[in-house]
Colleague: 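This is the structure I have questions about; it appears just below.
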Amino acid sequence: MTMLKSRMKRLDQTRDQAAARLADIENSLLSLDDEDLLDIADIFRNQPMSLIGQIVLAEMQKRNISL
């Protein structure tokens with residue numbers, strides 16, 4: 001039982017760390033100026049369903065900018 005609790009605790013920590021990293025990435029993307037955001041959008045143009053592509057496209061819509 002103790003091993004299971006330890007494993008669950010490790011999994012929770014790993015999940016929390018991954019969520020924090022993802023939030024940092026998203027915040028970094030959202031803080032880009034328009035020109036840099038468009039550069040990232042251009043890079044991910046062929047991968048619009050990727051996580052970064054989705055974040056960038058949503059932010060572009062919010063800012064009312066396009067490629």
Side-chain angles (χ1 to χ4, degrees):
M1 193 69 142
T2 302
M3 286 182 66
L4 180 58
K5 287 182 182 180
S6 296
R7 183 171 184 205
M8 293 299 291
K9 185 176 180 179
R10 273 195 319 267
L11 290 173
D12 286 344
Q13 289 173 338
T14 300
R15 183 196 64 232
D16 292 345
Q17 289 170 348
R21 277 186 250 131
L22 179 58
D24 288 344
I25 292 167
E26 186 171 4
N27 288 331
S28 295
L29 291 169
L30 298 179
S31 68
L32 293 173
D33 63 25
D34 288 353
E35 189 174 318
D36 291 335
L37 187 67
L38 290 171
D39 288 342
I40 297 293
D42 193 36
I43 291 168
F44 284 88
R45 175 181 276 175
N46 294 328
Q47 301 171 10
M49 297 309 293
S50 69
L51 180 60
I52 291 175
Q54 290 176 14
I55 293 169
V56 169
L57 289 175
E59 184 64 16
M60 287 172 53
Q61 288 176 344
K62 198 165 113 178
R63 295 182 190 187
N64 199 27
I65 58 175
S66 62
L67 287 173

Colleague: Does CD in Q13 sit with more than 12 non-hydrogen atoms of other residues, nucleotides or ligands closer than 6.0 Å?
Modeller: yes
Colleague: Can you confirm whether more than 12 heavy atoms, excluding those of R15, are under 6.0 Å from its CZ atom?
Modeller: yes
Colleague: Decide salt bridge (charged side-chain N to carboxylate O under 4.0 Å, His left out) for R45 and D42; before the verdict, give the C-alpha distance in whole Å, the side-chain angles of both, and the deciding distance to 0.1 Å.
Modeller: CA-CA 5 Å; R45 175 181 276 175; D42 193 36; 3.7 Å; yes
Colleague: Do L37 and L67 share a hydrophobic cluster, counting only Ile, Leu, Val, Met, Phe, Trp and Tyr and linking them when any side-chain heavy atoms are less than 4.5 Å apart?
Modeller: yes
Colleague: Once rounded to the nearest 0.5 Å, what's the spacing between atom NZ of K5 and atom CZ of R10?
Modeller: 14.5 Å
Colleague: Looking only at heavy atoms, what is the nearest atom pair of G53 and F44, with distance?
Modeller: CA-CB, 4.2 Å
Colleague: Supply the atom-to-atom distance L22 CG to L51 CG, rounded to the nearest 0.5 angstrom.
Modeller: 5.5 Å
Colleague: Quick one: pull up CG in L29 and CD1 in I55 and give me the separation to the nearest 0.5 Å.
Modeller: 5.5 Å
Colleague: Which distance, rounded to the nearest 0.5 Å, do you find between the CG of L57 and the OG of S66?
Modeller: 11.0 Å
Colleague: How long is the span from the CD atom in E35 to the CD1 atom in I40, to the nearest 0.5 Å?
Modeller: 12.0 Å
Colleague: Can you tell me if D36 uses its side chain to pair, donor with acceptor, with the backbone of L32 under 3.5 Å?
Modeller: no
Colleague: Could you tell me which non-hydrogen atom of Q54 sits nearest to which non-hydrogen atom of P48, and how far apart they are?
Modeller: CG-O, 3.5 Å
Colleague: How far does CD of E59 sit from CD1 of I65, to the nearest 0.5 angstrom?
Modeller: 7.5 Å
